[in-house]
Structure formats: structure tokens, C-alpha cells
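Please read all numbers here as calculations on a predicted model, not as lab measurements.
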Amino acid sequence: MCNQQRSLVAILAFLCVVLAGYGKQAPGTSDRRPSGGLNPGNPSGNGQRESSNPASFGGDFPLRSSLLRTPVQLGQPQRQKDPVHSFSGNGEKIFAGSCAECHGLDGRGGERAPNIAENPRVQRLSDDQLVGVIENGIPGTGMPAFHTLESSDIQSVVAYLRTLQGTKKTDELPGDPDRGREIFFAKAQCSSCHMVAGQGGFIASDLSGYARTHSVEETRSTITSPHPARDRQSQSVTATTREGKKYVGRIRNEDNFSLQLQAFDGTFHFLAKPDIERLDFSPQSLMPSDFGSTLSPNELNDLISYLMRSANPSESAIPKEMLDEEE
């Protein structure tokens, strides 16, 4: 009888040890729900599913438990520990959400707002000017003020807009911009067709912001090897009426019934198409093709430097023409 009592005590002691060890397991592991089901014990209440491959955690129950307890809200991405966003990357998201509805995803305009990617007036605005436009809007136009955006967000939008405009980092000036200005307005006579900072001609494109979107070598190539005219409005044309009158210039506007021609002296002529006998387009570009020989390499560098300096205005006020623009 004594031996039986001793055996019973030993069995009870062994069972106590086993039960004590079982009670020390990680909480929740003894009543684990079937894999793939919702986890009602998830403190976030988000109905997150447990992994269907428990072996991937190597039986590390504390690690598994901490992962399940991580609060995650449905529909909200988890924040990275060290978010690193470039201005242009963050700016792209803000631009798409706040600007693209009117200006288009590519910034080239739509029914509600103008082209801000290719418009020379916008391209030659400084970064500070663009920040002011975004932050304060433009009174009397459809451009609202975005007071709710943080300063860093506005700078990100400006940086992204520069990428839409194709802007590049400003290169070091290859020559003397003051001598280049003399070449632009005197020797090369660029100002007879082109305008820079409100001065010069108007028959050709405004070059005030050209160097903002073109590199030094691209600018040099355009001067020395101009591209042939690609469309009717970029070619010079001679319009001959049925009465024998001739008008030479560029077509500025045209529809099915009429065209508006600007002569090289700046005058405009409105011509009804039934009155036009013929239109003769010149295949040659309005841009002279001999600057590579008439200008020395140093003079070309000076001219390019003048265009580069003109493309980076220092004033911070919003130009009046920007406020008046209703394109």
C-alpha cells in the first residue's frame, strides 16, 4: 500500500510539472485559430488575417505575437520609419491631386487653365515667383490660393513643374553676357525678330526663358544649325490677293474662312480666303543659317551667356502680364 501511495504521489508531481510548463507558453498559442481566418484577438480591430504559413516565422512566438499586435488602419498606408521624398517626387503627387484637374497631368493646359509647361511667360518666372502664385493665387483669374499647403509642399510642386518644363540645372556661363547683349542687339541683329525681357522684335519666338529649358550645347546648335520650318505658322509666307497685292510675313491665326498675317514690320493684315489668289510658303527657316561662320566661337559663347542670364530673372514680384493673362 505504501508503494502504491508513493507511485500516486510521483505521478501527481509529474503532472504538476507538466501543467506548470504548459502554462508558461506564449499567450494565445494554446488556442490558436485556424490558419487563414480572421484574428479576433487583433487589438487594432482591423480584421487582419494571420499568415497561412506559420513555419515562416520559425516557431518564434514572441515575434509572431508582436507582428499581429501592430496596429494598421484599413485604407491607410503604413508610414515608413525614414521617409525620404525628393521635392519633385512629392510634388508630382500634389500636382496630380491639386493642379492637374485644370492644367492637365503634363501641365500643358486644358479647358479650365492655360499651358504652364511650355508657356515662355511661366518658364521665365523665378522659383520664388511661382511659389507666390501657388500660395496666393492670381486675383481676378481662376487661379486659387493654396494656403493649406505647407511651404515644403509648394516648393515640391515648383520643382516638379520644372521637370514638366524640361528645365536643367544652370550651366556655368561660357562667355561674357554683357558683350553677348551687344551681339544680340547689334552685330547679329537677333533683336530684329526675337525679344528678350520685353525688348526686341516679335515676328519670331520670345527668347527670354529659352536657356532655362535648353543646355548650352543645344542653344549653340540652334544658333549655328537652325531646324527647317515644320509647320505653316513657323514659315514665312507670301499672300497674293486676286487684285495682285502681296503681303509677306507669318500666319498668326487661320480658320476655314480667313487668315491673319503679321508682316515683318509688325502690322497685321486680315485676309478673307476667297480674296486670296495664292499662298507661297518659304521652305527656309526665318533663322539665318550662317551664324556659325559670321560669329566667332567666343562671340557665340558671349551670346549664349546673355541668353542664360536673361533666363534667370532676379526680381520676385509677379509680372503684370502674368496677372493680365487669361489664356
> Hey, what do you get for CG (Asn115) to CD (Gln165), rounding to the nearest 0.5 Å?
Replying inline: 9.0 Å
> Is the closest side-chain donor-acceptor distance between Arg252 and Gln262 under 3.5 Å?
Replying inline: yes
>> Between Gln189 and Pro288, is there a side-chain heavy-atom distance shorter than 4.5 Å?
In response: no
>> What I'd like to find out is whether the side chain of Gln155 reaches to under 4.5 Å of the side chain of Asp127, using heavy atoms alone.
In response: no
> Can you name the closest pair of heavy atoms from Asp176 and Asp302 and give their distance?
Replying inline: N-OD1, 2.8 Å
> Is there a donor-acceptor contact under 3.5 Å from the side chain of Ser305 to the main chain of Pro177?
Replying inline: no
> Does Glu218 offer a backbone N or O that forms a donor-acceptor pair with the side chain of Thr222 under 3.5 Å?
Replying inline: yes
> Would you call Phe264 and Phe202 a side-chain contact if the rule is heavy atoms closer than 4.5 Å?
Replying inline: no
Between side-chain atoms of residues 270-279 and protein atoms elsewhere (two or more places apart, or another chain), which donor-acceptor pairs fall under 3.5 Å?
residue: Lys273; atom: NZ; partner: Glu254; partner atom: OE2; Å: 2.9
residue: Lys273; atom: NZ; partner: Asp255; partner atom: O; Å: 2.8
residue: Glu277; atom: OE1; partner: Arg242; partner atom: NH1; Å: 3.1
residue: Arg278; atom: NE; partner: Asp280; partner atom: OD1; Å: 3.2
residue: Arg278; atom: NE; partner: Asp280; partner atom: OD2; Å: 3.1
residue: Arg278; atom: NH2; partner: Asp280; partner atom: OD1; Å: 2.8

> Heavy atoms, side chains only, cut-off 4.5 Å: are Asp153 and Val157 in contact?
Replying inline: no
>> Using modelled atom types and a 3.5 Å cut-off, is there a donor and acceptor pairing between side-chain atoms of Ser293 and backbone atoms of Asp290?
In response: yes
>> Please check: side-chain N/O of Ser221 versus main-chain N/O of Glu217, any donor-acceptor pairing under 3.5 Å?
In response: no
> Is there side-chain contact between Gln235 and Arg250, with at least one heavy-atom pair below 4.5 Å?
Replying inline: no
> According to the ring-ring contact (aromatic ring centres under 6.0 Å, His included) rule, which pairs have a member within residues 99-147, sequence neighbours left out?
Replying inline: none
> Does Val237 reach the side chain of Tyr247, with side-chain heavy atoms less than 4.5 Å apart?
Replying inline: no
> Looking at NZ of Lys246 and OG1 of Thr241, how far apart are the two atoms once the value is rounded to the nearest 0.5 Å?
Replying inline: 10.0 Å
> So Leu161 and Ile116, side chain to side chain contact (heavy atoms under 4.5 Å, CB included) or not? Walk me through it.
Replying inline: CA-CA 8 Å; Leu161 175 58; Ile116 57 176; 3.9 Å; yes
> Which is it for Arg179 and Leu303 under the side chain to side chain contact (heavy atoms under 4.5 Å, CB included) test, yes or no, and what are the steps along the way?
Replying inline: CA-CA 7 Å; Arg179 290 199 302 263; Leu303 179 57; over 6 Å; no
>> Restricting to non-hydrogen atoms, name the atom on Ala117 and the atom on Gln123 that form the minimum distance, rounded to 0.1 Å.
In response: O-NE2, 2.9 Å
>> Give me the atom names and distance for the closest heavy-atom approach of Met287 to Ile223.
In response: CE-CA, 3.8 Å
> Yes or no on salt bridge (charged side-chain N to carboxylate O under 4.0 Å, His left out) for Glu182 and Lys187, after CA distance, side-chain angles and deciding distance?
Replying inline: CA-CA 7 Å; Glu182 295 177 5; Lys187 181 175 180 177; over 6 Å; no
>> Phe291: which residues meet the ring-ring contact (aromatic ring centres under 6.0 Å, His included) condition with it, sequence neighbours left out?
In response: none
>> Would Arg162 pass as a cation-pi partner of Tyr160, given that its NZ or CZ must be under 6.0 Å from the six-membered ring centre and within 45 degrees of the axis?
In response: no
> Out of curiosity, Tyr210 OH to Ile304 CD1, how far, rounded to the nearest 0.5 Å?
Replying inline: 10.0 Å
> Would you say the side-chain atoms of Asn301 and Arg220 include a donor-acceptor pair closer than 3.5 Å?
Replying inline: yes
>> Between Leu261 and Phe268, is the side chain to side chain contact (heavy atoms under 4.5 Å, CB included) condition met? List the steps.
In response: CA-CA 6 Å; Leu261 183 145; Phe268 284 87; over 6 Å; no
>> Contact between Val158 and Gln129 at the side-chain level, heavy atoms closer than 4.5 Å - yes or no?
In response: no
> Hey, are the side chains of Phe95 and Leu164 touching, using non-hydrogen atoms and a 4.5 Å cut-off?
Replying inline: yes
> Got a second to check how far Ser208's OG is from Met195's CE, nearest 0.5 Å?
Replying inline: 7.5 Å
>> As a quick check of understanding, evaluate side chain to side chain contact (heavy atoms under 4.5 Å, CB included) for His269 and Gln260, giving each step before the final call.
In response: CA-CA 6 Å; His269 302 279; Gln260 186 183 60; over 6 Å; no
> Would Asp128 and Ser126 count as having a side-chain donor-acceptor pair, cut-off 3.5 Å?
Replying inline: no
> What's the spacing between Ser98 OG and Leu149 CG if we round to 0.5 Å?
Replying inline: 5.5 Å
> Just by distance, do the side chain of His194 and the backbone of Ser205 share a donor-acceptor pair under 3.5 Å?
Replying inline: yes
> Between the main-chain N or O of Ser296 and the side-chain N or O of Glu299, is there a donor-acceptor pair closer than 3.5 Å?
Replying inline: yes
> Just how far is it from atom CD1 of Ile203 to atom OG of Ser192, taken to the nearest 0.5 Å?
Replying inline: 10.5 Å
